[in-house]
S.K.: 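Sharing a structure below in structure tokens format, with a few things to ask.
First the proteins, then the strands, lettered A, B, ... as listed; each starts at 1.
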2 protein chains.
Amino acid sequence: MPGSRLDAIDRKILAELQADGRMTNVELARRVGISAPPCLRRVRTLEEAGFIRGYHADINTRELGFEVQVFAMVGLQSQAEADLSRFEARCRAWPLVRECHMLNGEVDFILKCVAPDLSTFQSFLTEELTAAENVASVKTSLVIRCAKDEPGVPFDVLEARLSKSA
Amino acid sequence: MPGSRLDAIDRKILAELQADGRMTNVELARRVGISAPPCLRRVRTLEEAGFIRGYHADINTRELGFEVQVFAMVGLQSQAEADLSRFEARCRAWPLVRECHMLNGEVDFILKCVAPDLSTFQSFLTEELTAAENVASVKTSLVIRCAKDEPGVPFDVLEARLSKSA
DNA sequence: CCCTCCGCGCAATAATATTTCCCGGCCGCG
DNA sequence: CGCGGCCGGGAAATATTATTGCGCGGAGGG
């Protein structure tokens with residue numbers, strides 16, 4: 001099972017750093033119940049092993065003038081791998097597209113987009129996204145409000161699973 | 001215009017901390033071109049003003065055993081505010097639901113969910129989500145792969161806008 | 001039973017954060 | 001004009017933290 005190479009202390013470290021990425025190492029060590037040096041060694045190991053991909057400040061997008069959030073459901077004409085990759089590359093190059101996920105089902109991709117205002121988004125939609133090569137259909141939905149936005153791992157679920165399988 | 005209370009240095013600070021939330025204050029100060037103390041003062045101010053909501057480690061969800069990601073489109077029977085709020089509260093309480101956005105259009109909500117495996121998700125889907133009060137329809141799409149996942153602000157777009165309006 | 005290895009903790013050192021104080025520019029008012 | 005408050009920045013001192021090296025002890029294997 002993935003994650004089993006990690007012991008309880010490692011998982012606690014990940015959970016704490018997910019909750020507060022700027023926690024000092026001594027505070028982190030105190031919370032997970034070991035001393036600072038081995039704690040820092042574990043963190044470095046977790047980083048190098050790829051369990052921790054990085055640390056990021058959570059910036060208030062709206063306050064910075066990006067008041068529009070949109071989910072765009074995109075269908076392509078060709079689902080050949082080369083065409084899928086080309087579309088993904090375009091998404092990575094569009095700054096207004098913050099997430100791009102390939103899906104199963106009737107829609108090929110879902111994009112999460114941001115924009116300063118509706119007209120900016122509509123320009124992007126009509127001149128860039130819809131006009132892009134191989135794009136067959138685009139359906140967009142404005143985000144009215146956000147009730148929950150906690151990307152990451154539900155560590156409580158993880159611990160529950162591990163204790164059951166033990 | 002929102003964001004205009006921030007000068008160029010503040011925006012640079014936000015951009016740097018979004019890219020690397022564990023950057024030391026001296027390194028941050030060096031990058032934005034001021035000395036450490038005023039830099040730290042600015043960071044504190046940005047935190048208290050809500051521009052910085054927090055700092056989080058970006059944990060590799062898949063490596064930790066959550067191999068399934070799903071987008072769920074949910075339609076409700078009643079869109080009265082009280083019913084919307086009740087549904088949002090339920091979403092906040094479900095650990096497998098990581099994001100919950102209210103949308104315009106034919107679908108009322110879109111949820112981003114994670115799960116250790118398909119059967120866990122299907123149990124959640126049938127026993128919790130679909131069975132929840134006021135839920136009229138649920139359409140789910142599995143995430144096949146993720147081409148881009150960079151939540152946050154496209155600071156290059158922001159700077160371009162500000163220089164144009166100047 | 002001994003040996004090796006791995007991870008922890010301790011102590012010392014280097015780096016960093018944080019506070020304090022002071023300086024210079026920038027208004028608004030006298 | 002000149003004055004005085006007001007930010008925002010820099011320098012130095014202090015406290016906190018990160019980091020390294022080393023010795024110890026337990027787990028697993030010979």
S.K.: How are the rings of W94(B) and F124(B) set relative to one another: parallel (under 30°), tilted (30 to 60°) or perpendicular (over 60°)?
M.R.: perpendicular
S.K.: Please check this pair: side chain of R98(A) against backbone of D149(B), looking for a donor-acceptor N/O pair closer than 3.5 Å.
M.R.: no
S.K.: Using atom CG of L17(B) as one end and atom C1' of dA17(C) as the other, report the distance to the nearest whole Å.
M.R.: 14 Å
S.K.: Using a heavy-atom cut-off of under 4.0 Å over every strand shown, decide if R42(B) touches base, sugar-phosphate, or nothing.
M.R.: sugar-phosphate
S.K.: Side chain of N25(A): nearest nucleotide among dA18(D), dA17(C), dG9(C)?
M.R.: dA18(D)
S.K.: Can you check whether any acceptor in the base of dG7(C) is under 3.5 Å from a donor in the side chain of R41(A), or vice versa?
M.R.: no
S.K.: Classify R44(B) by what it touches in the nucleic acid, base, sugar-phosphate, or nothing, heavy-atom distance under 4.0 Å.
M.R.: sugar-phosphate
S.K.: At 4.0 Å (heavy atoms only), tell me whether S35(A) reaches a base, stays on the sugar-phosphate, or touches nothing.
M.R.: base
S.K.: Go through the steps to decide whether V70(A) and S141(A) satisfy the test side-chain contact (heavy atoms from CB on, under 4.5 Å), and finish with yes or no.
M.R.: CA-CA 6 Å; V70(A) 184; S141(A) 284; 5.8 Å; no
S.K.: Could you verify whether a donor N or O on one side chain and an acceptor N or O on the other, from T126(A) and Q122(A), lie under 3.5 Å apart?
M.R.: no
S.K.: Taking CG from D10(A) and P from dC6(C), how many angstroms apart are they, rounded to a whole number?
M.R.: 16 Å
S.K.: When the distance from CG of D7(B) to P of dC26(C) is rounded to whole Å, what number comes out?
M.R.: 15 Å
S.K.: To the nearest Å, give me how far apart CZ (R30(B)) and C1' (dG10(D)) are.
M.R.: 18 Å
